[in-house]
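Worksheet: the structure to be examined is printed underneath.
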2 protein chains.
Amino acid sequence: MDTPEKILEAAEQLFADKGFGATSLRSVVAAAGVNVAAIHYHFGSKEGLIRAVFARRLGPINAARIELLDKYSAAAAPQPVPVEEIVEAFIRPAFAITSREAKQSVLARMFGRLHTEAGGTVHAILLEEIRELLVRFHTVLRQTLPELSETERVYRFSFVISAMAAVLMAPERIAMLSQGRVPVGNPEATISYLLRFCSAGLRAPASDRVSSDSVQVAGGEPANAGESTRA
Amino acid sequence: MDTPEKILEAAEQLFADKGFGATSLRSVVAAAGVNVAAIHYHFGSKEGLIRAVFARRLGPINAARIELLDKYSAAAAPQPVPVEEIVEAFIRPAFAITSREAKQSVLARMFGRLHTEAGGTVHAILLEEIRELLVRFHTVLRQTLPELSETERVYRFSFVISAMAAVLMAPERIAMLSQGRVPVGNPEATISYLLRFCSAGLRAPASDRVSSDSVQVAGGEPANAGESTRA
DNA sequence: GTCTATAAGGAGATAGAC
DNA sequence: GTCTATCTCCTTATAGAC
């Protein structure tokens with residue numbers, strides 16, 4: 001393993017454990033067994049390192065998301081994609097990378113942190129990377145749930161992201177919430193719980209009246225075609 | 001306004017904006033217009049300050065949560081409390097404190113941060129303060145949703161907490177997710193969206209088979225009506 | 001109680017020898 | 001490419017005058 005890779009591995013682990021802001025470059029080089037100057041030589045700055053760590057992982061995950069969504073889209077056409085499949089296409093790839101390797105949940109926790117660590121550089125990096133992805137998912141969701149106002153649809157999908165991100169970031173928090181009574185760590189079970197909860201939540205009857213609210217989106221389809229109150 | 005209070009106000013604002021770890025005591029004293037040494041004189045340390053900031057706010061919110069839950073509990077007796085009311089009892093008090101004063105969402109964002117800023121001191125402080133509250137809510141939830149396994153029930157309530165915390169912490173993230181198309185800031189609408197989504201999610205058909213896991217509780221509806229098995 | 005001054009150390013980043 | 005040494009800045013915390 002060459003020096004840049006050693007640094008990336010160590011940084012990933014530390015970012016997952018302590019967060020981006022709280023991880024010092026000095027702790028990274030100590031964990032990687034390389035020199036202090038190596039990070040700046042290879043990545044330029046701390047922000048450059050964070051960016052590189054993500055670039056290595058976020059791409060494949062988002063590609064898998066799009067691939068799954070395309071698959072479900074094709075299978076459902078010309079009907080809208082079922083809610084469950086939209087949610088699964090978004091959630092599963094984020095967990096998939098976890099169960100493959102021994103490192104377990106390091107990646108998952110780092111990505112969870114990416115969603116919850118607000119403000120500043122990190123948030124900007126995330127947004128840059130997933131903007132296109134979100135447009136894609138919202139487009140599909142709009143067809144599946146036309147009875148929701150644009151606003152409520154966006155809120156609901158943000159709830160899905162939040163629930164997923166939180167459980168990715170700190171699976172052990174679940175155990176804490178239950179005073180240790182509940183086992184933790186089975187990714188397949190977690191995915192299943194998330195799918196049930198989020199799908200039902202997305203499909204809940206609309207809260208907004210569908211009226212003046214629907215916002216026209218450039219390049220998107222007209223929102224709120226038929227108004228059906230479906231559970 | 002005396003010095004300790006000035007410090008608490010300024011700290012609250014900064015913690016909400018930048019997070020606990022990223023807020024330096026120097027920025028707090030600068031914002032409060034007091035001296036560097038004042039914090040240590042009045043609160044002993046940074047951790048002492050964090051603790052004091054929460055002690056001032058978390059108590060009343062959790063008291064309001066319990067009060068609401070008791071009210072709904074009494075109104076429903078001897079039936080289980082409806083899911084919507086359990087969720088509302090948990091969510092509304094966290095937003096209520098927001099809309100009262102001009103400070104707007106400072107408090108809300110700080111509490112959101114409290115939920116999402118994982119690890120270390122802050123998490124320990126939170127857990128200490130809300131342990132009793134969680135036991136109470138889970139007890140009520142167990143009666144309302146006896147068809148869920150204990151594990152799935154705990155997961156689902158953690159999703160509720162996550163969704164709420166995320167929107168409390170960064171309401172502007174919603175706007176970002178939607179490329180700025182969606183307006184933000186109406187607390188009552190946000191509560192309404194959360195209630196719909198979370199209630200439906202909690203009430204979704206069980207994913208787990210109810211076997212050895214479920215803790216038996218008296219007085220529930222039949223379990224697992226129309227269940228389509230999905231991984 | 002409040003201030004100035006300062007201690008003691010960690011942060012990110014860089015220059016220059018090898 | 002990798003190292004040592006160092007710069008500059010910022011952090012928490014404290015000592016002691018007023």
Side-chain angles (χ1 to χ4, degrees), chain A residues 1-56 110 113-114 116-126 128, chain B residues 1-56 110 113-114 117-126:
Chain A
M1 198 159 55
D2 63 349
T3 297
E5 203 168 341
K6 277 193 282 191
I7 293 172
L8 288 173
E9 289 285 327
E12 196 171 282
Q13 175 78 50
L14 284 165
F15 288 155
D17 287 345
K18 314 204 305 174
F20 304 102
T23 298
S24 72
L25 297 188
R26 305 183 112 84
S27 65
V28 172
V29 297
V34 302
N35 191 267
V36 208
I39 288 182
H40 291 95
Y41 178 80
H42 290 286
F43 302 101
S45 68
K46 184 176 186 178
E47 175 174 340
L49 175 61
I50 295 176
R51 212 173 277 274
V53 166
F54 284 129
R56 197 168 62 139
M110 194 190 63
R113 222 168 246 291
L114 178 59
T116 56
E117 188 146 335
T121 305
V122 178
H123 222 150
I125 294 177
L126 166 66
E128 208 172 282
Chain B
M1 197 159 57
D2 62 351
T3 297
E5 203 168 341
K6 278 194 282 192
I7 293 173
L8 288 173
E9 290 285 328
E12 196 170 283
Q13 175 79 49
L14 286 165
F15 287 156
D17 286 346
K18 316 202 304 174
F20 303 103
T23 298
S24 72
L25 297 188
R26 303 187 104 82
S27 63
V28 173
V29 297
V34 302
N35 190 268
V36 208
I39 288 181
H40 290 95
Y41 178 80
H42 289 286
F43 302 101
S45 68
K46 186 176 185 177
E47 176 175 340
L49 175 61
I50 295 177
R51 211 174 278 273
V53 167
F54 283 128
R56 198 168 62 139
M110 194 189 64
R113 222 167 245 291
L114 178 59
E117 188 145 333
T121 305
V122 178
H123 221 150
I125 293 176
L126 166 67

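Note on naming: letters A, B, ... go to the chains in the order of the sequence lines (proteins, then strands), and numbering restarts at 1 for each one. Atoms considered below: every heavy atom in the structure, side chains included; atoms not considered: hydrogens, waters and symmetry mates.
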Picking from [options], which would you name as closest to the side chain of [X]?
{"X": "B/Ser24", "options": "D/dT11, D/dA13, D/dG1", "value": "D/dT11"}
{"X": "A/Ala37", "options": "D/dG1, D/dT11, C/dT14", "value": "C/dT14"}
{"X": "A/Val36", "options": "C/dT2, C/dA13, C/dT4", "value": "C/dA13"}
{"X": "A/Ser45", "options": "D/dT2, D/dC3, C/dA13", "value": "C/dA13"}

[X] [atom1] to [N] [atom2]: how many Å, rounded?
{"X": "A/Lys18", "N": "C/dG10", "atom1": "NZ", "atom2": "C1'", "result": "11 Å"}
{"X": "B/Ile39", "N": "C/dC3", "atom1": "CD1", "atom2": "P", "result": "13 Å"}
{"X": "B/Glu47", "N": "D/dA13", "atom1": "CD", "atom2": "C1'", "result": "15 Å"}
{"X": "B/Leu25", "N": "D/dA13", "atom1": "CG", "atom2": "C1'", "result": "9 Å"}
{"X": "A/Tyr41", "N": "D/dG1", "atom1": "OH", "atom2": "P", "result": "5 Å"}
{"X": "B/Ile7", "N": "D/dA13", "atom1": "CD1", "atom2": "P", "result": "13 Å"}
{"X": "A/Leu49", "N": "C/dA13", "atom1": "CG", "atom2": "P", "result": "10 Å"}
{"X": "B/Phe43", "N": "C/dT2", "atom1": "CZ", "atom2": "C1'", "result": "15 Å"}

Counting just side-chain N and O atoms, does B/His40 come under 4.0 Å of either OP1 or OP2 of D/dT14? no

Check the phosphate of D/dG1 against A/Asn35, side-chain N and O only, distance under 4.0 Å to OP1 or OP2. Yes or no? no

Calculate, to the nearest 0.5 Å, the distance between atoms OG1 and CD1 belonging to A/Thr3 and A/Ile39 respectively. 11.0 Å

More 5' along DNA chain D: B/Lys46 or A/Thr3, using each one's nearest nucleotide? A/Thr3

Starting from the 5' end of DNA chain D, give me the residue, A/His42 or A/Arg26, whose nearest nucleotide shows up first. A/His42

Students often get this wrong, so: under 4.0 angstrom with heavy atoms, is B/Ser27 touching a base, only sugar-phosphate, or nothing? nothing

Hey, does B/Ala38 reach any base, or is it just sugar-phosphate, or nothing, if we go heavy atoms under 4.0 Å? nothing

Measuring only between side-chain heavy atoms, which start at C-beta, is B/Phe20 closer than 4.5 Å to B/Lys46? no

Minimum heavy-atom separation for B/Val36 and B/His40, please, with both atom names. O-ND1, 4.1 Å

Smallest heavy-atom separation, A/Val34 atom then A/Ala38 atom, equals CG2-CB, 4.2 Å

Qualifying residue, where the test is side-chain contact (heavy atoms from CB on, under 4.5 Å) with B/Phe43 and the options are B/Ile50, B/Leu8, B/Val53: B/Leu8

